[in-house]
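One structure is given below, encoded as structure tokens.
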Amino acid sequence: MCWPGLGNPMLDLIIDTDPGVDDVVALLLAMANPERLNLLAITTVAGNVPLAKTTRNACLAREWARRGDVPVYAGADRPLVRTPLYAEAIHGSEGLPDSVVHTPAEGAASEHAVDYLVRTLEAAAPGSITLAMLGPQTNLALALRQSPAAARGLKQVVIMGGAWFNPGNITPLAEFNLFADPHAAAEVLASGLPLVYIPLDVTHKVLTSHDRLAEIRALGTRAGERVADVVASYISHDMQRYGLPGGPVHDANVIAWLLNPGIYQGRAADMAVVCEEGDAFGQTQPLEAGASAEGQVNWITDADSEGFFALLKASLVRLP
């Protein structure tokens with residue numbers, strides 16, 4: 001398996017997301033770097049909170065970044081098979097602190113996200129579009145069901161999800177994004193697409209401490225203030241739960257990897273997603289070595305935390 005395009009000066013990008021605090025940070029990071037990331041669209045999915053709220057939050061992030069050129073498309077409002085669940089205990093009932101939530105001036109486009117993905121990927125040059133997936137993988141699974149040929153338009157799919165050596169964050173074994181729709185993740189894994197996985201094992205090494213938030217707030221930009229405001233209470237949960245000196249901002253690592261893969265280290269790996277009910281439901285499991293010659297996925301294993309935060313701060317000063 002080959003994961004193309006690392007280090008290319010410009011990527012045509014779609015972000016599929018379920019905002020959520022860390023998703024919003026990821027969106028701002030992407031929208032701050034238009035010379036590197038040609039953000040074609042944001043597609044939303046139910047996950048951290050229900051679809052209406054994830055879509056509103058994506059539109060808010062777009063408004064904050066003053067990127068009205070980026071369309072937002074609302075997608076799947078429930079998983080493929082399992083009962084819907086949300087992460088409101090972590091992200092709050094609105095997915096963002098109540099103090100920053102309002103109705104955005106511009107809402108989502110009328111076209112369904114799955115239809116947008118099929119239409120765009122079918123029309124794209126082969127292997128030309130990167131898809132960043134920051135939530136459950138429901139939209140992509142539905143798009144591939146509707147049009148298997150749409151896969152040809154994808155260069156790579158970069159996923160925040162999974163955990164191997166790190167404990168899960170929704171069950172002792174499972175990470176939330178995969179637990180929320182393991183059947184979709186399994187279908188995407190079986191598609192043969194070039195997949196990059198950025199798991200909890202890595203995101204729990206890139207910790208946003210209160211000192212780092214103070215540095216972000218001190219940037220003197222509205223974007224820096226907003227990031228510090230929305231992240232402060234969010235990271236406290238994981239600091240208390242795991243006894244960490246700071247909290248992870250999981251999804252922003254996907255965008256940082258796209259902007260500067262040199263911050264990260266990874267290896268080829270084979271994996272499976274557990275879809276059977278039981279204690280391991282939603283878990284990413286390593287397979288026996290040699291299950292495939294080169295590995296199904298590029299599994300990211302380590303990150304330079306200082307490099308990540310240098311990139312985040314340098315990006316936030318570029319936003320209003």
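The shortest heavy-atom contact between Ala180 and Pro182 is C-CD, 3.9 Å. Scanning both residues, Glu88 and Pro50, for their nearest heavy atoms gives OE2-CD, 4.0 Å. Minimum interatomic distance between Ala108 and Thr55 (heavy atoms only, all atoms of both residues): CB-CG2, 3.6 Å. In plain terms, the two heavy atoms of Thr44 and Ala58 that are nearest each other are CG2-CB, 3.7 Å. The two residues Ala65 and Leu319 have their closest heavy-atom pair at CB-CD2, 4.0 Å. Across all their heavy atoms, Ala232 and Ile235 have their closest contact at O-CG1, 3.4 Å.
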Practice task
Go through the steps for His250 and Leu200 under the test side chain to side chain contact (heavy atoms under 4.5 Å, CB included), then give the verdict.
Solution key: CA-CA 7 Å; His250 306 283; Leu200 295 181; 3.5 Å; yes

Exercise for the section: Start with the C-alpha distance between His91 and Tyr234, add both sets of side-chain angles, then the distance that settles ring pair (Phe, Tyr, Trp, His ring centres under 6.0 Å), and finish with yes or no. Expected result: CA-CA 6 Å; His91 295 266; Tyr234 165 77; 5.0 Å; yes

Practice task
Would you check, one step at a time, whether the test side chain to side chain contact (heavy atoms under 4.5 Å, CB included) holds for Leu258 with Gln156?
Solution key: CA-CA 11 Å; Leu258 291 171; Gln156 57 192 342; 4.2 Å; yes

Problem - Val231/Val21 under side chain to side chain contact (heavy atoms under 4.5 Å, CB included): CA gap, chis, key distance, verdict - result: CA-CA 7 Å; Val231 169; Val21 171; 3.9 Å; yes

Exercise for the section: Decide yes or no on salt bridge (Lys or Arg N to Asp or Glu O under 4.0 Å) for Arg212 and Glu306, but give the supporting numbers first. Expected result: CA-CA 10 Å; Arg212 280 177 166 155; Glu306 292 298 328; 2.5 Å; yes

Problem - Arg222 and Trp64: CA distance, side-chain angles, deciding distance, side chain to side chain contact (heavy atoms under 4.5 Å, CB included) verdict - result: CA-CA 9 Å; Arg222 190 71 185 98; Trp64 294 340; over 6 Å; no

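Between Thr43 and Ile15 the shortest side-chain heavy-atom distance does not fall below 4.5 Å. A 4.5 Å side-chain heavy-atom check between Ile90 and Asn48 finds every atom pair outside the cut-off. Residues Arg56 and Pro104 have side chains in contact (heavy-atom distance under 4.5 Å, counting atoms from C-beta outward). When side chains are defined from C-beta on, Ile159 counts as touching Val157, because their heavy atoms get closer than 4.5 Å. Considering only heavy atoms from C-beta on, Val49 stays 4.5 Å or farther from Glu94 through its side chain. No side-chain heavy atom of Pro248 sits under 4.5 Å from any side-chain heavy atom of Met239. Inter-residue side-chain proximity for Trp299 and Met271 is flagged as met; some heavy-atom pair is nearer than 4.5 Å. The side-chain heavy atoms of Val206 and Phe309, taken from C-beta on, include a pair separated by under 4.5 Å.
A side chain to side chain contact (heavy atoms under 4.5 Å, CB included) with Val227 is found for exactly one of Val24, Val249, Val25, namely Val25.
No donor-acceptor pair under 3.5 Å is formed between the side chain of Ser147 and the backbone N or O of Ala143. Listed for the Gln283 side chain is no donor-acceptor partner under 3.5 Å among the backbone atoms of Gln285. In this structure, the side chain of Arg67 engages the main chain of Met31 through a donor-acceptor pair within 3.5 Å. The backbone N or O of Val45 lies less than 3.5 Å from a partner atom in the side chain of Thr54, making a donor-acceptor pair. Panel note: side chain Glu63, backbone Ala105; a donor-acceptor pair is recorded below 3.5 Å. Between the side chain of Lys53 and the backbone N or O of Ser93 there is at least one donor-acceptor pair closer than 3.5 Å. With Trp164 contributing its side chain and Thr284 its backbone, the two residues share a donor-acceptor pair below 3.5 Å. Within the 3.5 Å criterion, the main-chain N or O of Phe176 finds a donor-acceptor partner in the side chain of Asn169. Of the possible polar contacts, one joining the Glu175 side chain to the Gly162 backbone as a donor-acceptor pair under 3.5 Å is found. The main-chain N or O of Gln265 is found under 3.5 Å from a side-chain atom of Thr301 such that the two form a donor-acceptor pair.
Of the inter-residue distances, the one linking Asn57 atom CG with Leu27 atom CG reads 9.5 Å to the nearest 0.5 angstrom. For the atom pair CE of Met133 and OG1 of Thr138, the computed distance is 7.5 Å after rounding to the nearest 0.5 Å. How far OG1 of Thr130 is from CG of Leu13: 6.5 Å, rounded to the nearest 0.5 Å. Once rounded to the nearest 0.5 Å, the distance linking CG of Asp115 with OG of Ser110 reads 10.0 Å. Within the model, atoms CD1 of Ile255 and CG of Leu29 stand 6.5 Å from one another, a figure rounded to the nearest 0.5 Å. A distance of 10.0 Å separates CZ in Arg36 from OG in Ser315, rounded to the nearest 0.5 Å.
Between the side chains of Asn253 and Tyr264, a donor-acceptor pair is found at a separation under 3.5 Å. Side chains of His183 and Gln137: no donor on one and acceptor on the other come within 3.5 Å. Side chains of Asn33 and Arg318: a donor-acceptor N/O pair is present below 3.5 angstrom, by distance only.
Classification of Arg152 and Glu122 as a salt-bridged pair fails, no side-chain N sitting under 4.0 Å from a carboxylate O. With respect to the salt-bridge test (charged N to carboxylate O, under 4.0 angstrom), the residues Glu277 and Arg82 do not qualify. With respect to Glu225 and Arg217, no salt bridge is recorded, no charged nitrogen being found less than 4.0 Å from a carboxylate O.
Hydrophobic clustering places Leu311 together with Leu213 (ILVMFWY residues linked when any side-chain heavy atoms are closer than 4.5 Å, directly or through intermediates). Phe308 is connected to Met160 through a chain of hydrophobic side-chain contacts under 4.5 Å among Ile, Leu, Val, Met, Phe, Trp and Tyr, so both are in one cluster. Hydrophobic clustering (side-chain heavy atoms under 4.5 Å, transitive across Ile, Leu, Val, Met, Phe, Trp, Tyr) groups Tyr197 together with Phe165. Transitive grouping of hydrophobic side chains (ILVMFWY, heavy atoms separated by less than 4.5 Å) brings Leu131 and Leu144 into a common cluster. Linking Ile, Leu, Val, Met, Phe, Trp and Tyr whenever their side-chain heavy atoms come within less than 4.5 Å leaves Leu142 and Leu154 in two separate clusters.
The list of salt bridge (charged side-chain N to carboxylate O under 4.0 Å, His left out) pairs with a residue in residues 12-24, not counting sequence neighbours, is empty.
Within a 6.0 Å radius of CG in Asp69, other residues, nucleotides and ligands contribute more than 12 heavy atoms. Under a cut-off of 6.0 angstrom, the local environment of CZ in Arg119 is crowded, with over 12 non-hydrogen atoms contributed by other residues, nucleotides or ligands.
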